[in-house]
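Just so it is clear: chains get the letters A, B, ... in the order the sequence lines come, proteins before strands, and each one is counted from 1. Quick caveat: nothing in here was measured; it's all calculated off a predicted structure.
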Number of protein chains: 2
Amino acid sequence: MDVTLATGSAWTDPACPVARTVDLIGDRWSLLIIRDAMDGATTFTEFHQRLGIARNILTDRLRKLVEHGILDKSAATNSRRHTYRLTEAGQDVFTTIVALRQWGERHAFAPDEPHSILVDDQGRELPELHPLGQDGAPLSAEASHVRKTA
Amino acid sequence: MDVTLATGSAWTDPACPVARTVDLIGDRWSLLIIRDAMDGATTFTEFHQRLGIARNILTDRLRKLVEHGILDKSAATNSRRHTYRLTEAGQDVFTTIVALRQWGERHAFAPDEPHSILVDDQGRELPELHPLGQDGAPLSAEASHVRKTA
DNA sequence: TCCAATAAGTTTCAAAATGCAACCTATTTG
DNA sequence: CAAATAGGTTGCATTTTGAAACTTATTGGA
């Protein structure tokens with residue numbers, strides 16, 4: 001896993017893990033590429049068709065995601081065709097995708113508006129995800145704060 | 001809560017809650033503004049100083065976040081000073097911020113690199129957040145898939 | 001075997017978003 | 001009442017994004 005940004009660029013806020021994550025994957029296309037990779041997309045063309053993204057931008061984002069260790073690009077020998085697969089770090093974005101999805105379900109749809117649903121192997125919808133304290137009780141933003149490291 | 005995008009613009013992928021969320025708050029500055037709002041920032045100047053963002057961009061992002069029902073802008077009577085506070089929908093982004101933070105802690109720092117820490121009222125670090133299936137066992141991306149609505 | 005289609009890009013150019021710096025104009029504060 | 005502060009706006013340069021056409025290697029089929 002790569003823990004650096006492109007040469008010449010700098011972290012927006014080097015000490016903050018939220019900011020570093022946003023620098024690495026926090027733009028609309030990268031997050032949607034990761035979403036589709038989790039749902040089975042593996043090739044340039046698949047991503048292009050699912051997302052309706054401009055080809056040059058897709059090229060750029062795939063390259064950066066590979067650079068940052070989120071995707072792995074494997075070229076089938078002597079072929080132009082290759083596949084992109086999530087690395088372990090990429091798979092680990094799952095929690096964030098679920099959080100984004102559930103927020104959207106709660107706040108970005110009118111009550112009667114239909115939307116896609118994330119289900120498990122048995123077709124059951126996922127329970128809501130919420131941060132818990134060490135006592136196991138739900139923890140809110142007000143009940144927590146950021147401690148800066150010296 | 002608003003559930004629409006600015007006039008003239010359209011959702012990137014209307015049926016997907018992940019995509020809608022990304023359209024609403026999935027750009028670097030919006031997420032960092034929400035992060036800082038959760039950590040106590042309330043005024044234009046505070047956001048500006050903490051983020052080092054250009055003033056015109058900050059103006060634009062605050063306006064959009066208010067429009068989208070993430071922030072609430074309250075003007076103290078006959079004063080230029082006002083405060084921005086998270087709405088309930090804004091508070092609810094907490095789960096996503098925690099997910100982004102924990103991913104960053106796991107994958108965007110070298111083992112010896114220091115970073116800020118999110119702690120509860122007692123100063124204890126938060127447990128890791130992971131999606132669970134209905135049986136209570138951790139659920140991975142491979143064990144789930146998106147079901148489109150007809 | 002040859003021809004068309006497919007995959008995965010690259011290039012070019014226009015349009016939109018971002019960023020910096022200077023400016024503005026009410027309110028406070030000393 | 002003068003200076004500092006808060007919360008912007010404006011103008012302009014740079015960067016990023018996007019649409020569309022072009023490229024180049026494989027492949028699959030007649």
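- Atom CZ in B:Arg81 sits about 10 Å away from atom C1' in C:dA26, given to the nearest Å.
- Looking only at side-chain heavy atoms (C-beta outward), B:Ile33 and B:Phe47 come within less than 4.5 Å of each other.
- Using modelled atom types, one finds a donor on one side chain and an acceptor on the other under 3.5 Å when comparing A:Ser74 with A:Thr83.
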For this session: Report the C-alpha separation of B:Glu128 and B:His130 in whole Å, then their side-chain angles, then the decisive distance to 0.1 Å, and conclude whether the side chain to side chain donor-acceptor pair (under 3.5 Å) test is met.
Result: CA-CA 7 Å; B:Glu128 283 197 0; B:His130 291 293; 2.9 Å; yes
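- Across the protein-nucleic acid pair, B:Arg63 atom CZ and C:dA17 atom P stand 11 Å apart, rounded to whole Å.
- Side-chain proximity of A:Ala54 to the nucleotides D:dA19, C:dG9, C:dT18 is greatest for D:dA19.
- Of the N and O atoms on the side chains of A:Thr12 and A:Asp23, at least one donor lies less than 3.5 Å from an acceptor on the other residue.
- Using a 4.0 Å cut-off, some side-chain N or O of A:Trp29 falls inside it from OP1 or OP2 of D:dG18.
- Rounded to a whole Å, the CG atom of A:Leu58 is 17 Å from the P atom of D:dA20.
- Across the protein-nucleic acid pair, B:Ile53 atom CD1 and D:dG7 atom P stand 15 Å apart, rounded to whole Å.
- Contact annotation: side chain of A:Asn56 to base of D:dG18, donor-acceptor pair present below 3.5 Å.
- Distances from the side chain of B:Arg28 to the nucleotides D:dG8, D:dA6, C:dG19 place C:dG19 closest.
- The CG-P distance, from A:Leu51 to D:dA19, rounds to 13 Å in whole Å.
- Distances shorter than 4.0 Å separate some side-chain N or O of B:Thr45 from OP1 or OP2 on D:dG7.
- Comparing C:dC20, C:dA8, D:dA19 against the side chain of A:Phe44 picks out C:dA8 as the nearest.
- The phosphate of D:dA6 has neither OP1 nor OP2 within less than 4.0 Å of any side-chain N or O from B:Tyr84.
- For A:Arg55 and C:dA8, a side-chain-to-base donor-acceptor distance below 3.5 Å is present, hydrogens and geometry of angles not being considered.
- Put simply, A:Lys64 has no side-chain N or O that comes within less than 4.0 Å of OP1 or OP2 on D:dT16.
- Side-chain nitrogen and oxygen atoms of A:His48 include none within less than 4.0 Å of the OP1 or OP2 phosphate oxygen of C:dA7.
- Going from atom CD1 of B:Ile57 over to atom C1' of C:dA16 covers 12 Å, rounded to whole Å.
- Atom P of nucleotide D:dG8 and atom CD of B:Glu46 are separated by 14 Å, given to the nearest angstrom.
- Remark: the B:Ser30 side chain and the B:Asp27 side chain contain an N/O donor-acceptor pair separated by less than 3.5 Å.
- Straight-line distance from the CG atom of B:Leu62 to the C1' atom of D:dA6: 13 Å, rounded to whole Å.
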